[in-house]
Participant: 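What follows is a structure written as structure tokens; I'll ask about it next.
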Amino acid sequence: MGRARSDAGAVSPVTAAAPVRRLTVLYDARCPLCTHLRHWLGRQRQLVPLDLVPAGSVEARQRFPELDPASTYEEITVVGDLGQVYRGTSAWIVCLWALAKYRSKAHWLTTPAGAPFARGTVLAAARYRAATAPRCGPAQACPVPPAARWAPR
């Protein structure tokens with residue numbers, strides 16, 4: 001697998017040497033907010049296919065044995081088909097970049113004007129998750145939210 005990168009050193013999927021053709025999103029299936037966002041991503045038109053895989057699952061461990069499963073529970077982790085690893089803010093930006101409707105927004109979020117907004121949004125979501133989102137259970141995934149209730153605006 002390729003080099004793991006922090007938010008500050010993430011490789012842009014747009015400027016990487018070879019194009020990204022597929023991304024794997026590792027999300028915490030025990031977290032209601034994470035599960036909601038996973039289903040939202042799945043309903044969007046994708047320019048780059050997203051494989052949505054529960055963090056720490058058998059599938060995640062088999063596909064990415066070099067990743068620490070505990071770290072993938074702490075923050076969203078996205079792995080590109082060439083081994084690129086994105087975490088935190090960079091992971092959310094690359095997810096948006098993969099979506100038809102949000103690609104231009106993703107580009108803006110990487111600019112000096114957009115970067116503080118991206119970081120603040122991810123930090124606010126992390127605080128919300130930590131403060132209010134009950135875990136569904138140690139070995140139990142959260143139920144799938146009803147589509148009508150969670151429809152994006």
Side-chain angles (χ1 to χ4, degrees), residues 1-57 59-60 63-64 66-133 135 142 144-145 147-153:
M1 177 157 210
R3 305 171 304 271
R5 304 278 189 140
S6 68
D7 278 348
V11 175
S12 168
V14 177
T15 59
V20 174
R21 290 192 171 90
R22 183 167 220 91
L23 295 165
T24 302
V25 179
L26 301 174
Y27 69 96
D28 185 351
R30 300 171 300 154
C31 163
L33 176 62
C34 304
T35 301
H36 162 67
L37 292 170
R38 175 256 184 260
H39 289 284
W40 179 83
L41 285 170
R43 288 191 307 270
Q44 304 304 304
R45 189 166 73 83
Q46 300 171 3
L47 298 173
V48 176
L50 297 174
D51 295 330
L52 303 159
V53 177
S57 67
E59 180 181 358
R63 290 173 76 171
F64 310 110
E66 61 282 348
L67 288 180
D68 173 29
S71 72
T72 64
Y73 279 110
E74 293 301 316
E75 62 183 344
I76 184 175
T77 303
V78 178
V79 183
D81 58 344
L82 299 175
Q84 312 91 320
V85 175
Y86 306 90
R87 297 180 190 275
T89 305
S90 295
W92 280 114
I93 292 172
V94 80
C95 284
L96 292 174
W97 174 84
L99 304 176
K101 187 174 177 180
Y102 297 96
R103 183 164 278 188
S104 63
K105 180 64 75 178
H107 285 287
W108 179 76
L109 291 170
T110 64
T111 68
F117 178 78
R119 185 71 182 145
T121 300
V122 170
L123 289 173
R127 280 191 294 258
Y128 174 82
R129 177 184 178 214
T132 64
R135 308 299 267 186
C142 293
V144 176
R149 181 175 172 206
W150 296 101
R153 296 175 193 227

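All values below come from the heavy atoms of this structure, side chains included, with hydrogens, waters and symmetry mates left out.
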Participant: Heavy-atom distance under 4.5 Å between the side chains of Arg63 and Val79, does that happen here?
Facilitator: no

Participant: For Ser57, enumerate each residue passing the side chain to side chain contact (heavy atoms under 4.5 Å, CB included) test, keeping only those at least two apart in sequence or located in another chain.
Facilitator: Val53, Pro54, Glu59, Ala60

Participant: Can you tell me if CZ on Arg21 sees more than 12 non-hydrogen neighbours from other groups inside 6.0 Å?
Facilitator: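 12 or below, so no.
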
Participant: What distance separates Cys34 SG from His39 NE2, expressed to the nearest 0.5 Å?
Facilitator: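 The SG atom of Cys34 sits 11.5 Å away from the NE2 atom of His39.
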
Participant: When rounded to the nearest 0.5 angstrom, what is the spacing between CD1 in Ile93 and OG1 in Thr121?
Facilitator: 9.5 Å

Participant: What I'd like to find out is whether the side chain of Phe64 reaches to under 4.5 Å of the side chain of Thr24, using heavy atoms alone.
Facilitator: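 Sidechains of Thr24 and Phe64: in contact.
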
Participant: Measuring from Ile76:CD1 to Leu26:CG, what's the distance to the nearest 0.5 Å?
Facilitator: 8.5 Å

Participant: Of all heavy-atom pairs between Thr72 and Ala55, which one has the smallest distance, and what is that distance?
Facilitator: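 Scanning both residues, the minimum pair turns out to be OG1-CB, 3.4 Å.
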
Participant: Report the distance from atom CG of Leu99 to atom CG of Leu50, rounding to the nearest 0.5 Å.
Facilitator: 6.0 Å

Participant: To the nearest 0.5 Å, what is the distance between CZ on Arg38 and SG on Cys95?
Facilitator: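 That separation rounds to 12.0 Å.
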
Participant: At what distance, to the nearest 0.5 angstrom, does CG of Leu96 lie from OG1 of Thr110?
Facilitator: 11.5 Å

Participant: Looking at Trp40, is its backbone amide N or carbonyl O close enough to the side chain of Gln44 to form a donor-acceptor pair, meaning the two atoms are under 3.5 Å apart?
Facilitator: yes

Participant: Taking only residues two or more places apart in sequence, or in another chain, which ones meet Arg103 in a side chain to side chain contact (heavy atoms under 4.5 Å, CB included)?
Facilitator: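 Partners of Arg103 by the side chain to side chain contact (heavy atoms under 4.5 Å, CB included) criterion, ordered by chain and then number, come out as Leu47, Val48, Trp97, His107.
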
Participant: Are the side chains of Leu82 and Val20 in touch, meaning some heavy atoms are under 4.5 Å apart?
Facilitator: no

Participant: Name the one of Thr111, Val122, Leu109 that satisfies side-chain contact (heavy atoms from CB on, under 4.5 Å) with Phe117?
Facilitator: Leu109

Participant: Considering non-hydrogen atoms only, spot the tightest contact between Ala118 and Thr89 and give its length.
Facilitator: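 That would be CB-CG2, 3.7 Å.
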
